[in-house]
Structures are given as structure tokens and as C-alpha cells.
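This report refers to the structure that appears directly beneath it.
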Amino acid sequence: MAPLVRFAPSPTGYLHIGNARPALLNALFARARGGRFLLRLDDTDRERSTEAYAAAVEEDLAWLGIVPDLRARQSDRVAAYDAAADSLRAQGRLYACYETPEELERRRKRQLGRGLPPIYDRAALTLTAEERAAFEAEGRRPHWRFKLDHRTITWADLVRGEAHIDCASLSDPVLVRADGSYLYTLPSVVDDAEMGVTHVIRGEDHVTNTGVQVQIFETLGHAPPVFGHHNLLTTADGEGLSKRLGHLSLRGLREAGYEPAAIRSLAVLTGSAEAVRPVASLDDLARLVDLAHISRAPARFDPHDLDALNARLVHEMPFAEARERLLALGIPPVAAEPFWQAVRANLGKVAEAEDWWRVVAGPVEPALADEAVIAAAVATIPAEPWGPETWKDWAGAVRERTGAKGKALFMPLRLALTGLDHGPDLAGLLPLIGHERAERRLRGETA
Ligand code: GLU
């Protein structure tokens with residue numbers, strides 16, 4: 001059966017590079033196997049979920065190259081969760097609790113003080129009907145906990161191999177809040193089961209949830225899917241990434257001019273068995289990732305690595321891929337291709353092409369550093385048309401006249417022709433600058 005995977009963000013913030021990891025690992029897993037990718041918005045938290053964030057999730061995934069095959073929203077499916085909760089209640093596996101957060105906190109402290117693990121003591125299970133009625137009369141509404149079987153749940157994890165969670169060491173999880181809304185745990189199981197999700201690939205922060213959720217799958221009469229828990233992306237100092245980390249949000253990175261392929265390569269290859277390197281296409285990346293070879297250690301990355309990855313991608317970017325963006329920067333269509341070939345090796349980001357276009361088209365304020373070299377250049381300026389050989393021929397003529405060589409020859413020419421002491425190979429730039437502008441610059445005019 002072709003796999004169905006899902007990426008299930010809560011639309012409560014912008015996706016960041018750490019979220020790109022599960023999104024991509026799922027998308028690549030499906031891609032390599034002819035499977036499908038479901039985008040499920042886990043939006044049961046009505047207060048924090050917004051339409052704007054939901055739209056941003058779609059947009060940011062599309063930018064990464066991920067177009068979901070299927071879409072779902074948990075807010076549309078409350079009836080299914082209600083039915084599942086009823087089934088759990090009928091089986092005696094979902095019980096009403098009336099403790100306030102303060103009461104729970106006091107109990108927790110007492111347990112810790114006695115050196116006991118702070119596990120919910122199931123006091124609510126022994127409430128009598130009268131006690132319950134008294135709470136209700138006080139105006140308390142129950143929240144609902146899942147009664148865990150105190151046994152060890154094991155599964156063959158796609159990343160971690162044989163994995164297990166001892167559910168006796170866990171508190172019975174709250175599945176339904178006092179206001180009747182659902183926490184993530186139950187809706188996720190109901191959706192995965194009813195939507196036919198075959199593989200749940202998510203961060204290792206969900207390993208404990210898996211123990212709980214496997215029990216819920218089983219109690220609801222469903223076979224659990226296959227699970228894989230990947231390591232989390234952290235910055236070099238081991239700091240986790242939160243959705244609020246604006247500068248590493250996917251849109252922040254996009255606005256800063258990074259290529260999606262740079263983000264993809266970093267997000268996927270960090271902490272894998274493969275060296276982090278630029279991989280331009282999703283298909284190539286899909287061939288490289290193997291969940292079984294992802295490391296167990298945190299996937300540490302340095303955001304500065306993105307610059308090097310990005311530059312390498314830009315240096316090799318074919319013109320066809322850059323074309324639209326160059327035209328959007330105002331570079332004329334006739335010049336765009338030779339210009340791209342001339343400058344791409346000097347770019348860290350595509351948008352920097354604009355700076356070099358200004359050097360071509362002007363106005364450039366020339367810097368005249370060596371009178372003899374400049375005078376010789378004016379005297380030997382070649383007739384048009386200018387082509388790839390022009391620079392070599394012209395520099396050769398200037399060398400013959402002046403005896404200047406190497407840096408003493410090239411630097412004054414570069415400074416005069418571009419106003420800068422660095423930049424792309426002049427052989428490529430010169431035909432674009434053209435005779436007229438070149439001559440004016442050599443004469444010291446801003447052109
Ligand atoms: N909404 C959950 C999260 O973002 C989904 C976790 C899961 O993949 O099951 O953490």
C-alpha cells in the first residue's frame with residue numbers, strides 16, 4: 001500500500017527551520033515511495049490558532065517545494081473526536097476529574113517533597129457520585145483523563161529501532177479540557193486512524209506521546225501506524241527552536257533572500273548520515289535521506305552555514321532558474337543571461353545581482369589610480385563589438401604600452417571601470433558595460 005504521511009502543525013505561529021525538518025522528512029518519505037502527503041492543521045487551540053498563520057503554513061510549505069496531496073483541519077472534525085471520547089468513556093478509559101490547576105500543583109509538590117515521581121494519583125477515579133455532584137454544584141466542570149494501562153508499549157521505530165515507553169511511569173493524560181475542547185493527543189489519533197495515515201514521522205519530543213497514543217489507537221480498535229521519531233534541529237549551542245524565533249522563520253529566511261534548497265539541505269541533512277551539502281532538487285534529496293540513518297544526537301546547526309550553502313547553490317544555479325528573478329530586479333532580458341554567467345560566482349544570494357547590475361549599467365563613480373595605465377587604456381580601447389576576448393586583448397595592449405603586469409595592471413583598470421577593487425571577472429562584465437560607458441569612466445566621468 002502506498003504510504004500516507006502527514007505534517008500536522010498548529011497554526012499558532014510561523015513555521016521555522018526546525019518545523020521544516022519534519023515537513024520535509026515526511027514529504028521526502030512520500031516522494032521516494034509514491035506516497036501521499038497530508039497537511040493537517042492541528043487547530044483545536046481556538047484561541048491561539050489564526051487564519052493568517054494557517055495561510056502562512058501553506059505558503060511557506062509551497063516555498064519549500066511541498067504541495068500537499070490532501071488537507072484537513074481538526075476544527076472541522078470535532079464530531080469525530082466526540083464520538084471517540086464517548087467510546088473511551090463507555091470502555092471506562094476516560095474519566096472525569098475536578099482538580100483545579102492549583103490543587104494539582106500542590107499535590108505535585110508534595111510528591112516531589114517525598115521523593116516520589118509527580119504522577120497524577122488517580123484520585124478522581126474513586127470519587128463517589130455525591131462528591132462529583134458536590135463539585136458540579138460548586139460550578140466545577142470536569143476535565144477528562146485517559147486511563148492508561150500500566151504496561152510497556154513497544155514499537156519498531158523507523159529512526160530509533162526498537163523503542164518502548166513504560167506507561168506506568170506516566171500520568172493519565174488529559175484528553176478533554178473543562179471547556180470541552182480537545183488537547184492534541186486524542187484528535188491526532190482519531191485523524192491518523194480515520195484518514196488512513198500509514199507512517200507518523202515526527203520529532204522525538206513526541207516519543208512519550210506515542211506510548212499513550214498507541215494505547216488510544218488500540219482502545220478505539222485501530223491498528224497503530226508505523227512511527228518514526230527524528231532528532232530535533234537545534235542551534236549550535238544546543239538551544240531548541242521555538243516558533244517565536246523570528247529570524248529563523250521560513251518567511252524570515254525567504255525575505256532574507258535564502259534559496260529554499262539551502263533551507264531544505266540544512267534542515268534535512270543536519271544530523272543525518274550524509275554530509276550537509278547543497279542539494280538543489282527534492283528528488284535528489286529524497287534519494288539521500290534514510291530515516292534509519294538519522295542520528296540519535298540532537299541535530300545541531302549553525303545558522304551561518306546557510307550562507308555558505310546558499311552561495312554554493314547560487315554559484316551553480318542555471319540561468320533558467322534565475323531568469324525571472326533577474327528580470328524582476330530590473331535587469332533587461334537581452335543582457336540577463338550573459339550577466340548571470342558573469343556574476344553568479346560572486347553572489348551569496350541571487351538578489352545581490354542587483355548590485356552588480358548597477359556596476360554594469362551605472363552610474364559608477366570611477367576611481368583613477370594610475371595615470372599611465374589609464375591613459376594607455378584610453379588609447380587602446382578596442383572597437384565594438386565587444387565579446388569574451390575583449391578584456392584579454394585590451395589588457396594585453398595596455399601591458400605592452402606600460403609594462404604594468406598583474407595587480408599593477410588589473411587593479412587600476414578595475415577601479416576605473418567599476419569603481420570597486422573587487423568583483424566578478426571583467427572578461428564577462430566588460431561586454432555588458434560596453435564601449436561608451438567604459439570610455440567615459442576611464443575619463444573620470446560618473447557613467
Ligand atoms: N501538532 C503537533 C505538533 O506540532 C503534531 C505532532 C504530531 O506530528 O503528531 O507538535
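Since we're looking at a predicted model, the values are computed, not measured. Every number for a ligand or one of its atoms is a count from 1 in the order of the listing.
Between the side chain of Tyr98 and the main chain of Glu136, no donor-acceptor pair closer than 3.5 Å is present.
Here Phe7 has no heavy atoms under 4.0 Å from ligand 1, in either its backbone or its side chain.
Close approach of ligand 1 to His206 is summarised as follows: ligand atoms under 4.0 Å from at least one heavy atom of the residue are 3 (C), 6 (C), 10 (O). Shown in contact with Arg6 at under 4.0 Å from a heavy atom are these atoms of ligand 1, numbered in order with element: 7 (C), 8 (O), 9 (O). Within the listing of ligand 1, atoms 7 (C), 8 (O), 9 (O) sit less than 4.0 angstrom from a heavy atom of Arg202. Residue contact check: Ser10 has heavy atoms under 4.0 Å from atoms 1 (N) of ligand 1. The Asp42 neighbourhood of ligand 1 comprises atoms 1 (N), 2 (C), 5 (C), with distances under 4.0 Å to a heavy atom of that residue.
More than 12 heavy atoms of other shown residues, nucleotides or ligands fall within 6.0 angstrom of atom NE2 in His315. With a 6.0 Å radius and a threshold of 12 heavy atoms from other residues, nucleotides or ligands, His304 has its NE2 atom at or below the threshold. The environment of Glu47 atom CD is sparse: at most 12 non-hydrogen atoms of other residues, nucleotides or ligands sit within 6.0 angstrom. For Glu105, the CD atom counts as densely surrounded, since its 6.0 Å shell holds more than 12 non-hydrogen atoms of other residues, nucleotides or ligands.
At a 3.5 angstrom cut-off on N or O pairs, Ala8 counts as close to ligand 1.
A side-chain donor from one of Asp42 and Gln74 sits under 3.5 Å from a side-chain acceptor of the other.
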